Amino acid sequence: MPAAPSFKDKIYRLVARIPKGKIATYGQLARLAGGPTRAREVGYAMAALRPATRLPWHRVINSKGEVSRRRRPGAELTQRMMLVKEGLVFNARGRLSLERYQWSPRRSGRR
DNA sequence: TTTATGGCTGTCA
DNA sequence: ATGACAGCCATAA
């Protein structure tokens with residue numbers, strides 16, 4: 001029997017499911033992983049990814065619909081560029097419409 | 001141990 | 001709209 005996956009692992013699994021052209025917020029992922037108050041850990045989990053990861057980490061943004069600022073400036077521009085490349089459109093204030101782009105996971109094997 | 005720092009978020013002024 | 005604050009909690013030092 002496999003050990004229960006950690007919160008972090010659940011987050012990674014969820015991120016892997018976000019389809020191209022869609023985004024999810026940190027808080028949303030935290031809720032889906034069963035830790036409604038642990039959004040910050042989601043951000044932490046993203047920050048811990050290796051540069052070579054295949055996870056679509058760039059599809060994770062904050063609740064305001066914008067790319068979060070980080071410690072190392074510049075990387076956020078990369079993220080934004082990747083999203084634009086996938087066809088998402090930022091408005092004049094540098095935000096994405098959550099209405100339009102937020103991912104709604106379909107109930108599948110999870111649970 | 002304690003303190004500081006985050007890729008966060010909701011509430012309130 | 002913006003900004004301060006308080007919860008949140010894993011990591012690092």
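What you see is a predicted model; the values in this text were computed from it and never measured. Hydrogens, waters and symmetry mates are skipped; everything else that's a heavy atom, side chains included, is used. The chains referred to below are lettered A, B, ... by the order of the sequence lines, with proteins before strands, and numbering in each begins at 1.
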Enquirer: Which part of the nucleic acid does A:K8 contact within heavy-atom distance under 4.0 Å: base, sugar-phosphate only, or nothing?
Expert: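 Result for A:K8 = sugar-phosphate.
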Enquirer: On a whole-Å scale, what distance lies between the C1' atoms belonging to C:dC8 and B:dG6?
Expert: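 My reading of the C1' atoms in C:dC8 and B:dG6 gives 12 Å.
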Enquirer: Please say which of A:I11, A:L14, A:I23, A:I18 ends up in a side-chain contact (heavy atoms from CB on, under 4.5 Å) with A:V60.
Expert: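 Only match with A:V60 under side-chain contact (heavy atoms from CB on, under 4.5 Å): A:I18.
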Enquirer: Expressed in angstrom and rounded to an integer, what is the separation of A:R95 atom CZ from B:dG7 atom P?
Expert: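 My rounded result for the distance is 20 Å.
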Enquirer: For the side chain of A:E41, starting at C-beta, report the closest nucleotide among C:dG7, C:dA10, B:dT9.
Expert: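 It is C:dA10.
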Enquirer: On DNA chain B, check which nucleotide each of A:R72 and A:R31 is closest to and give me the residue with the more 5' one.
Expert: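 Looking at DNA chain B, the more 5' nearest nucleotide goes with A:R72.
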Enquirer: Can you tell me the distance, in whole Å, between the CZ atom of A:R40 and the C1' atom of C:dC5?
Expert: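 Whole-Å distance recorded here is 12 Å.
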Enquirer: Rounded off to whole Å, could you give me the NZ-to-P distance for the A:K64 and B:dC8 pair?
Expert: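 Computing the A:K64:NZ to B:dC8:P distance gives 9 Å.
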Enquirer: Starting at the 5' end of DNA chain C, which residue's closest nucleotide do you reach first, A:Y44 or A:R93?
Expert: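 Looking at DNA chain C, the more 5' nearest nucleotide goes with A:R93.
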Enquirer: Looking for any heavy atom pair under 4.0 Å, which part of the strands does A:R70 touch: base, sugar-phosphate only, or nothing?
Expert: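 Base contact.
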Enquirer: Tell me the interatomic distance from A:I11, atom CD1, to B:dG6, atom P, rounded to whole angstroms.
Expert: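 Going from A:I11 (CD1) to B:dG6 (P), I get 21 Å.
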Enquirer: Is there a side-chain contact between A:P105 and A:Q28 (heavy atoms, below 4.5 Å)?
Expert: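 Contact flag for A:P105/A:Q28 side chains = yes.
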Enquirer: Indicate, with a heavy-atom threshold strictly under 4.0 Å, whether A:V60 touches base, sugar-phosphate, or nothing.
Expert: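 If one applies the 4.0 Å heavy-atom cut-off, A:V60 turns out to touch a base.
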